[in-house]
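In this text, all values refer to a predicted model and were calculated from it rather than measured experimentally. Numbers restart at 1 for each chain; the letters A, B, ... are given by sequence-line order, proteins then strands.
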There are 2 protein chains.
Amino acid sequence: MTQKQEQLSKNQQIVLSIIEKAKGPLKAYSILYNVQKRGIKAPLQVYRALEKLIEIGKIHKIESKNAFIACKNSDCEISKATAFSICNNCEHVKEIKNTKLSKYLSNFEDNSGMKYKKYNLEFFGLCKDCKLKQ
Amino acid sequence: MTQKQEQLSKNQQIVLSIIEKAKGPLKAYSILYNVQKRGIKAPLQVYRALEKLIEIGKIHKIESKNAFIACKNSDCEISKATAFSICNNCEHVKEIKNTKLSKYLSNFEDNSGMKYKKYNLEFFGLCKDCKLKQ
DNA sequence: ATAACAAACGTTATATTATAACAAATTAAG
DNA sequence: CTTAATTTGTTATAATATAACGTTTGTTAT
Ligand SMILES: [Zn+2]
Ligand SMILES: [Zn+2]
Ligand SMILES: [Zn+2]
Ligand SMILES: [Zn+2]
């Protein structure tokens, strides 16, 4: 019974747990600093774990910040359809779960003859808290 | 007659002209290499020009590639609403001009209480040429 | 014209983000 | 067990980006 590899390796588990505990996105070298007490010593060990975690959809990369956040949305398990809201003031980041949006974008076609298999969308603005403080 | 500063500085002109001539997005250090014969010697000179050009909407940054591309779309002069299609095979990048899409996204609201002022969207897939060659 | 201010420049050094290369250890499958 | 594939550990280095500082140039108002 060829059971699909769902088990994460030790380093992958360590890195994932740090990211899942975090309130916001973490940068690779901040993750490294956080896991050094657990035996991970080199950047590459972190980047390799990140690569795998992204591949299986457990985390996403916030491209505009070079930072990594846990997926809270079982809909994008394969990291093919991601959308985030990012506060320009407090840098708060949230994954957007919106079926209409994801359907709209997943089905989007233009006149280029290109069929899109994946997208990443980042919205920027002021979060509720920061809007009040202005 | 307080005429709005629309004149680009020397370095900004040099960097912009390189980016406009290019077929695809250029990386900062590749731009640097290209402009060294024109007197620009240091990365910071390039990055400062890039920053300004982005600010005034002449170019955009392709976040997933850390590369810069000229704006072909007068609709996003202020770089507040950008969308690109990116070929996973040949890395061809094209700015998407689609009024429906940009209206949909500019007006998008979710239940977060956040009003978005800016977005960046990157689609990935195979371009027409690469699809044929598969 | 000239003083005052803002924007752009030049330069050196350094910070931050990410990957190459290689060998050893671990895990999954036949 | 054997073989193949994945993961690991390690060192070194590549690629991307900014800090800090002083100078020069361009704009604006008197
Ligand atoms: Zn997700
Ligand atoms: Zn905020
Ligand atoms: Zn544009
Ligand atoms: Zn292509």
Side-chain angles (χ1 to χ4, degrees), chain A residues 1-19 22 24-69 91 93 120 122, chain B residues 1-19 22 24-69 91 93 120 122:
Chain A
M1 192 176 72
T2 358
Q3 101 177 346
K4 206 168 159 191
Q5 146 95 5
E6 273 304 335
Q7 192 77 342
L8 296 176
S9 78
K10 181 172 65 92
N11 287 358
Q12 289 158 10
Q13 282 172 9
I14 293 172
V15 169
L16 178 57
S17 77
I18 295 288
I19 296 177
L26 291 180
K27 303 215 150 204
Y29 277 72
S30 136
I31 294 169
L32 175 59
Y33 177 81
N34 273 284
V35 298
Q36 278 178 332
K37 61 197 72 155
R38 294 223 243 162
I40 294 181
K41 285 170 190 158
L44 197 40
Q45 296 175 288
V46 172
Y47 280 104
R48 285 198 281 227
L50 290 172
E51 183 182 29
K52 182 68 176 194
L53 292 169
I54 289 171
E55 190 188 316
I56 63 176
K58 292 284 188 187
I59 66 172
H60 304 301
K61 182 174 185 182
I62 308 299
E63 294 285 356
S64 64
K65 293 192 171 304
N66 298 316
F68 304 87
I69 193 172
E91 312 234 311
V93 174
N120 179 55
E122 298 182 3
Chain B
M1 194 174 75
T2 358
Q3 101 178 345
K4 207 167 159 191
Q5 147 95 7
E6 274 304 337
Q7 190 79 339
L8 295 176
S9 77
K10 181 172 65 95
N11 287 357
Q12 290 159 12
Q13 282 172 10
I14 294 172
V15 169
L16 179 57
S17 77
I18 296 288
I19 297 177
L26 292 179
K27 303 216 151 203
Y29 277 72
S30 138
I31 294 169
L32 176 58
Y33 177 81
N34 273 285
V35 297
Q36 278 177 334
K37 61 197 72 156
R38 294 224 244 161
I40 294 181
K41 286 169 190 158
L44 196 41
Q45 296 175 286
V46 172
Y47 280 104
R48 285 198 281 225
L50 290 173
E51 184 182 28
K52 182 66 176 197
L53 293 169
I54 289 173
E55 191 188 315
I56 63 176
K58 292 284 188 187
I59 66 171
H60 304 300
K61 181 174 186 182
I62 308 297
E63 294 285 357
S64 63
K65 294 194 169 302
N66 297 317
F68 304 87
I69 194 172
E91 313 234 313
V93 174
N120 179 54
E122 298 182 4

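The stretch residues 35-50 of chain B touches DNA chain C through B/Lys41, B/Ala42, B/Leu44, B/Gln45, B/Arg48, each having a heavy atom within less than 4.0 Å of the strand.
For the OP1/OP2 pair of D/dA15 and a distance below 4.0 Å, the side-chain nitrogens and oxygens of B/Asn66 include no atom meeting the criterion. Within the 4.0 Å cut-off from OP1 or OP2 of C/dC9, at least one side-chain nitrogen or oxygen of B/Ser9 is found. Regarding contacts with the backbone of D/dT16, a side-chain N or O of B/Lys27 is found under 4.0 angstrom from either OP1 or OP2.
Summarising the geometry, the separation between CD on B/Glu55 and P on C/dA6 is reported as 16 Å, rounded to the nearest angstrom. Spacing between atom CD1 of A/Ile62 and atom C1' of C/dT17 amounts to 16 Å, rounded to whole angstrom units. For the pair A/Glu63 CD and C/dT17 P, the computed distance is 13 Å after rounding to whole Å. We find that CD of A/Gln7 is positioned 11 Å from C1' of C/dT27, with the value rounded to whole Å. When rounded to the nearest whole Å, the span between CG of A/Asn11 and C1' of D/dG9 equals 9 Å. One atom, NZ of B/Lys10, and another, C1' of C/dG10, lie 10 Å apart when rounded to the nearest Å. Between the NZ atom of A/Lys52 and the P atom of D/dT8 there is a distance of 10 Å, given to the nearest Å. Rounded to whole angstrom, the span from the CG atom of A/Leu32 across to the P atom of D/dG9 amounts to 13 Å.
Checked against C/dA18, C/dA8, D/dA17, the side chain of B/Gln12 finds its nearest nucleotide in C/dA8.
Rounded to the nearest 0.5 angstrom, B/Ile69 CD1 and B/Lys61 NZ are separated by 14.0 Å. Atoms CG and CG, from B/Leu16 and B/Asn11 in turn, are 12.5 Å apart once rounded to the nearest 0.5 Å. To the nearest 0.5 Å, atom CD of residue B/Gln13 and atom CD1 of residue B/Ile18 are 12.5 Å apart. To the nearest 0.5 angstrom, B/Asn66 atom CG is 8.0 Å from A/Glu63 atom CD.
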Pairs under 3.5 angstrom only: tabulate donor-acceptor contacts from the side chains of residues 29-49 of chain B to other protein residues two or more places apart or in another chain.
from: B/Asn34; atom 1: ND2; to: B/Ser30; atom 2: O; distance (Å): 2.8
from: B/Arg38; atom 1: NH2; to: B/Ser17; atom 2: OG; distance (Å): 2.9
from: B/Gln45; atom 1: OE1; to: B/Lys41; atom 2: N; distance (Å): 2.8
from: B/Gln45; atom 1: OE1; to: B/Ala42; atom 2: N; distance (Å): 2.8

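With hydrogens and angles ignored, a donor-acceptor pair under 3.5 angstrom links the side chain of B/Tyr29 to the base of D/dA17.
Closest heavy-atom contact between A/Leu26 and A/Ile19: CD1-CA, 4.1 Å. Here the closest heavy-atom approach between residue A/Ile54 and residue A/Phe68 is recorded as CD1-CE2, 3.9 Å.
A salt bridge does not link B/Lys65 to B/Glu122: none of the charged nitrogens lies less than 4.0 Å from a carboxylate oxygen.
At least one side-chain heavy atom of A/Ile56 sits under 4.5 Å from a side-chain heavy atom of A/Leu8.
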Secondary-structure notation, DNA chain D, from Watson-Crick and G-U pairs under 3.5 angstrom (| other strand)
||||||||||||||||||||||||||||||
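Among the protein residues, A/Lys61 comes within range of the sugar-phosphate backbone only, with heavy atoms under 4.0 Å from sugar or phosphate atoms but none that close to a base.
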